[in-house]
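Here the structure is laid out as C-alpha cells; the discussion comes afterwards.
So you know, we letter chains A, B, ... as the sequences are listed, proteins then strands, and number each from 1.
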Amino acid sequence: MNDDRDPIDASLRRTFAVPDLSALQARIEAMAADPSARAMTAPRRRVAVLAALAAAAVVVVLARGRATPDDGRDPVAIAELDARRAAGTELLRLRRAGATLPQPDDLGPTASASACDDDAGPTLADPGDLVLLGRCGGATESCGGALPPGARVLHLRRGSDDVDLAIYIVARHDDPHPLVPDDADARIFRTELGAFVIYEVTPLAEPIALDRFAL
Amino acid sequence: MRADPNRPVKLTPAVFADRFRECSSALWCIAAAVLGERTHAEDVLQEAAMIGLAKLESFVPHTSFAAWMGQIVRFTALNHRRKLQRRAHSETVGDPPDLDAPAPWPSGFDARTAAALTTLSEIARTCLLLRTVLELEYAEIGELLAIPAGTAMSHVHRARARMRALLEDLEQGDERR
C-alpha cells in the first residue's frame, strides 16, 4: 500500500497522474473498426515483400517470354502503372483517413509542418489559415501502404471552411508519380521544391497549399 | 472453468479495442515510465496501439493481453526515446556537451522527484510508477512486465530507497548553501 504521507509517493502521483485517455480510446476503437485505417500502419517489410513479389512476377513473365494478360504490353510498364495507381489510391485514402494520423505535439496554425521530425525538408512557411492536424512518415517512421519509406504525409485543414487536404512530400528520386482515377473524390497537384516533390491531395479544383511551402 | 476475458482466445480488432480500454491506464504508465516523462506518453500509446492492431496475429491465445500490449508499449517507448535522444544529439552538434559536468537539478520538489526518477533503470521506474500511481499489486505488475512478483517488489523498494537518498542529499546540499 502506498503511504500518503510519503512526499515522494505523493509527488509521483501528482506528476504522473494518468490523464483522461477517453479521446485516445475512441480513436483506437475507430481504428479497430476501420480496416483501411489499420492498413496505414503496415510495416515497411510488408511493402518490401509485395514489391519483391511483384518484381518476381515480372521476372517470371519475362523469362517465359509470354505475352501478358494485357495482350503483349510491356509487363514492366504494366507493373509501373499498377504501382502509380496504388500510390494514388493510397494518397486518396490517407486524405480521407487524415484524422487518424499521429498528431504533432504543437497543434495550431503556427505549428511546425516540417516534412519530418528528424531531417531537413520543405516546411509550411506561410500557413495562412491552414492548420496542421497530423503527420506521419519521415526518416524513421512509415506511412505504410504503397508509399516509399521516407515519404511524409501531412494532414492540413483550412480553417475557413474545414476543407481537409493531404500533403505528400517525397524525395525526387522516390517520386511514385501517383495516378488517380477520374472519378476519385479528390485531385492531386504536384510541385517540385529543391530535391523534393510535393503533392497536394484536395477536393478543391485548385491547390491552396503547395505554394506555401519553402525549404 | 470460466474463461478469463483478459486472456482472449482470439484477438479480433473489436476485442483489442475493449481490452485496450481496460488496461490503457497501466499502459500509459509504462509509456511514461520508459520515457521518463509524461509529455509524449499518449503519443507513444497511440503508436503502440496501431502496431498492436497491425500485429493481432502475433497474440498467443489464452495469454495476457496486458502483458502482450505492455511489451509493445515498452518497445515503442524505447524507440521513441532513442529518437528523441538522437534529435537532441543532432541539435547539439557543434556545441558538444560536457559529459563530465553534473546535470543541474531543478529546484521544485516535484521537478526534482521527476528528475530523480530518470536516474533509475527503466524497469525500476516502471515498477515504481505502476505501484505508486496505480497502486497495482506486485503480482499484477509482474504479469504486465513478464517478471516475477518478487522481482517487481524488490525493484519498487530499491527504487524508493534510491530516490529518497538522492532527494535527501539534494536537500542537505541546499541547506549548506
Side-chain angles (χ1 to χ4, degrees), chain A residues 1-4 6-35 37-46 97 100-107 114 116-120 134-136 138-145, chain B residues 12-18 20-22 24-29 32-33 37-43 45-56 79-80 82-84 86-87 90 108-114 116-117 125 128-129 131-135 156 159-160 163-164 166-168:
Chain A
M1 193 54 77
N2 294 317
D3 184 353
D4 285 338
D6 184 325
I8 295 176
D9 278 8
S11 174
L12 287 175
R13 279 197 290 275
R14 277 193 303 273
T15 309
F16 288 93
V18 179
D20 178 9
L21 296 172
S22 53
L24 170 67
Q25 290 161 349
R27 285 200 296 277
I28 300 308
E29 278 170 20
M31 278 192 276
D34 177 8
R38 293 203 302 277
M40 194 172 68
T41 65
R44 290 178 193 179
R45 189 168 53 250
R46 193 183 305 168
T100 62
L101 292 184
Q103 295 185 344
D105 301 327
D106 45 358
L107 285 175
S114 171
C116 74
D117 294 343
D118 41 17
D119 64 7
R135 91 184 139 202
C136 67
T140 56
E141 299 164 10
S142 171
C143 289
Chain B
T12 64
V15 172
F16 176 96
D18 282 349
F20 181 84
R21 177 181 286 276
E22 286 165 10
S24 55
S25 292
L27 296 174
W28 183 89
C29 264
E37 50 92 20
R38 59 177 297 138
T39 321
H40 298 96
E42 194 171 331
D43 290 345
L45 198 50
Q46 171 160 320
E47 193 182 333
M50 291 166 78
I51 292 169
L53 271 170
K55 295 186 170 184
L56 292 179
N79 280 338
H80 195 87
R82 273 195 289 270
K83 205 163 78 179
L84 290 176
R86 272 204 307 272
R87 199 182 310 164
S90 67
F109 186 74
D110 285 354
R112 279 188 172 180
T113 309
L117 189 73
R125 282 200 301 268
L128 182 62
L129 285 192
R131 177 68 180 161
T132 307
V133 177
L134 294 185
E135 301 190 354
V156 170
R160 279 191 176 134
M163 286 190 58
R164 194 168 294 122
L166 204 56
L167 292 167
E168 279 171 6

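In terms of heavy-atom pairs under 4.5 angstrom with chain A, the leader among B:Ser24, B:Ala41, B:Ala49 is B:Ser24.
Nearest heavy atom pair, residue A:Ala17 against residue B:Trp28, reads O-CH2, 3.7 Å. Nearest heavy-atom pair across B:Pro13 and A:Ala32 is CB-O, 3.2 Å.
For the atom pair CZ (B:Arg125) and CZ (A:Phe16), the distance works out to 8.5 Å, reported to the nearest 0.5 Å. With rounding to the nearest 0.5 angstrom, the CG atom of B:Leu134 is 11.0 Å from the CZ atom of A:Arg13. In this structure, CG in B:Leu117 is found 10.5 Å from CD1 in A:Ile8, a value given to the nearest 0.5 Å. In this structure, the separation between CZ on B:Phe20 and CG on A:Leu24 is 4.5 Å, given to the nearest 0.5 Å. Atom CG of B:Asp18 sits about 10.5 Å away from atom CD of A:Gln25, to the nearest 0.5 Å. The distance from atom CZ of B:Phe16 to atom CD1 of A:Ile28, rounded to the nearest 0.5 Å, is 6.5 Å.
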Apply side chain to side chain contact (heavy atoms under 4.5 Å, CB included) to B:Asp110 and A:Leu12, showing your working. CA-CA 7 Å; B:Asp110 285 354; A:Leu12 287 175; over 6 Å; no
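Residues B:Cys29 and A:Val18 meet the side-chain proximity criterion, which asks for heavy atoms closer than 4.5 Å.
When atom types are taken as modelled, the side chain of B:Arg38 and the backbone of A:Thr15 share a donor-acceptor pair closer than 3.5 angstrom.
Salt bridge absent: A:Asp6 and B:Arg160 never bring a charged side-chain N and a carboxylate O closer than 4.0 Å.
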